[in-house]
Colleague: 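There's a structure below that I have some questions on.
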Amino acid sequence: QVQLVESGGGSVQAGGSLRLSCEYSRITYNSACMGWFRQAPGKEREGVARLDTVSGNTYYRDSVRGRFAISQDSAENALRLEMNSLKPEDTGMYYCAIRKGQCFGAGVNPSNFPHWGQGTQVTVSA
C-alpha cells in the first residue's frame, strides 16, 4: 500500500515562505505523476502543481505560477513544494498525491489520483 506523509505546514504572514515535504514509500512503479493539492474551508479541493517523474515536466495553476516550485528528492523519497510570496488566499490544507504512469492532460485533476496523504495545514495571515 502506497504511503504518503506530508509535513512542513504552518502559519506565516503574507509574503512569507514555507517548504512542504511529502515522504513516500512502497511505490514500486517506474513512472508516476505526483501532485500537490489544497483545500480551503468550504471549497473544493484544487490542484496546485504536478510533476512527471520520467520527463521532469511540471505544471502549476495560474495563481501560484512563479511563486511555488515543485520538485522531487529521489534520495530522500520525497516530493517538495517550495512556496514563496505567500498570500492569504493560499491558506488551506495541502495534500500530496500520486498516480501510476506519466502525467497527462491539462491541469491537475484530483480525480486522477488514487493515493493521498493526510494533509498539512498552511495558514497565511494578512
Side-chain angles (χ1 to χ4, degrees):
Q1 182 74 9
V2 172
Q3 291 187 339
L4 304 171
V5 180
E6 300 95 334
S7 62
S11 296
V12 297
Q13 290 189 327
S17 299
L18 285 172
R19 186 177 82 157
L20 305 184
S21 293
C22 171
E23 295 185 1
Y24 51 84
S25 60
R26 303 182 184 178
I27 294 175
T28 59
Y29 25 91
N30 295 325
S31 67
C33 185
M34 306 188 76
W36 283 99
F37 301 79
R38 66 187 181 191
Q39 187 167 19
K43 295 188 177 181
E44 292 186 353
R45 191 170 298 187
E46 63 183 18
V48 174
R50 75 179 192 195
L51 179 145
D52 186 300
T53 63
V54 174
S55 67
N57 289 339
T58 58
Y59 173 89
Y60 300 91
R61 69 180 300 110
D62 289 345
S63 61
V64 307
R65 191 173 293 119
R67 300 189 295 122
F68 291 12
I70 187 172
S71 63
Q72 183 186 19
D73 184 341
S74 298
E76 298 291 331
N77 284 348
L79 183 70
R80 316 284 189 198
L81 185 68
E82 297 279 352
M83 305 188 296
N84 299 307
S85 303
L86 283 162
K87 304 176 180 180
E89 52 263 42
D90 294 319
T91 294
M93 185 70 78
Y94 281 68
Y95 302 88
C96 68
I98 187 171
R99 59 173 296 275
K100 183 178 181 179
Q102 294 187 258
C103 299
F104 61 89
V108 196
N109 189 340
S111 65
N112 292 334
F113 291 78
H115 305 293
W116 292 82
Q118 84 290 345
T120 185
Q121 178 68 36
V122 172
T123 303
V124 185
S125 58

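Reckoned from all heavy atoms, side chains included, excluding hydrogens, waters and symmetry mates.
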Colleague: Which residue pairs pass the disulfide bond (SG atoms under 2.5 Å apart) test with at least one member in residues 1-63, sequence neighbours excluded?
Modeller: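 Counting only pairs at least two positions apart or across chains, the disulfide bond (SG atoms under 2.5 Å apart) contacts touching residues 1-63 are C22-C96, C33-C103.
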Colleague: Just jot down the side-chain hydrogen bond (donor to acceptor under 3.5 Å, both in side chains) partners of N30, sequence neighbours excluded, or say none.
Modeller: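 With sequence neighbours excluded, N30 shows a side-chain hydrogen bond (donor to acceptor under 3.5 Å, both in side chains) to no residue whatsoever.
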Colleague: State the CD-CG distance between Q72 and D52, to the nearest 0.5 angstrom.
Modeller: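 Atom-to-atom, Q72:CD and D52:CG are 10.0 Å apart.
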Colleague: Mind jotting down which residue pairs meet the ring pair (Phe, Tyr, Trp, His ring centres under 6.0 Å) criterion with at least one end in residues 17-49? Sequence neighbours excluded, please.
Modeller: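 Those involving residues 17-49 are F37-F113, F37-W116.
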Colleague: About how many Å separate CZ of R26 and NE2 of H115, when rounded to the nearest 0.5 Å?
Modeller: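 So the NE2 of H115 and the CZ of R26 are separated by 12.5 Å.
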Colleague: Report all side-chain donor-acceptor pairs from residues 75-90 shorter than 3.5 Å, counting only partners two or more places apart or in another chain.
Modeller:
unit_1	atom_1	unit_2	atom_2	d
R80	NH1	S21	OG	2.7
R80	NH2	D73	OD2	3.0
N84	OD1	S17	OG	2.9
D90	OD1	R38	NH1	2.9
D90	OD1	R67	NH2	3.1
D90	OD2	R67	NH1	2.8
D90	OD2	R67	NH2	3.4
D90	OD2	K87	N	2.8

Colleague: For residues 52-73, which residue pairs pass the ring pair (Phe, Tyr, Trp, His ring centres under 6.0 Å) check, not counting sequence neighbours?
Modeller: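 Of all non-adjacent pairs touching residues 52-73, none passes ring pair (Phe, Tyr, Trp, His ring centres under 6.0 Å).
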Colleague: Could you list the residues that satisfy salt bridge (charged side-chain N to carboxylate O under 4.0 Å, His left out) with R61, not counting sequence neighbours?
Modeller: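 For R61, the residues satisfying salt bridge (charged side-chain N to carboxylate O under 4.0 Å, His left out) (neighbours in sequence not counted) are E46.
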Colleague: With rounding to the nearest 0.5 angstrom, report the CD to CD distance, Q118 to E6.
Modeller: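 Interatomic distance, Q118 CD to E6 CD, rounded to 0.5 Å: 4.5 Å.
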Colleague: Check whether Y95 and V2 end up in the same hydrophobic cluster, where Ile, Leu, Val, Met, Phe, Trp and Tyr are linked by side-chain heavy atoms less than 4.5 Å apart.
Modeller: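 Different hydrophobic clusters.
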Colleague: Tell me if a side-chain donor or acceptor on T120 pairs with a main-chain N or O of G9 at a distance below 3.5 Å.
Modeller: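 At least one qualifying donor-acceptor pair exists.
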Colleague: So if you build clusters from Ile, Leu, Val, Met, Phe, Trp, Tyr with side-chain heavy-atom gaps below 4.5 Å, do M93 and V108 land together?
Modeller: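 Yes, same cluster.
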Colleague: Look only at the side chain of T58 and the backbone of L51, and say whether a donor-acceptor pair between them is shorter than 3.5 Å.
Modeller: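 Checked: no pair found.
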Colleague: When rounded to the nearest 0.5 angstrom, what distance separates NZ in K43 from OG1 in T91?
Modeller: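 Spacing of NZ (K43) from OG1 (T91) equals 10.0 Å.
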Colleague: Show your working on side chain to side chain contact (heavy atoms under 4.5 Å, CB included) between E23 and L4 and close with a plain yes or no.
Modeller: CA-CA 6 Å; E23 295 185 1; L4 304 171; over 6 Å; no
Colleague: To the closest 0.5 Å, what do you measure between OG (S111) and CZ (R45)?
Modeller: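 Spacing of OG (S111) from CZ (R45) equals 11.5 Å.
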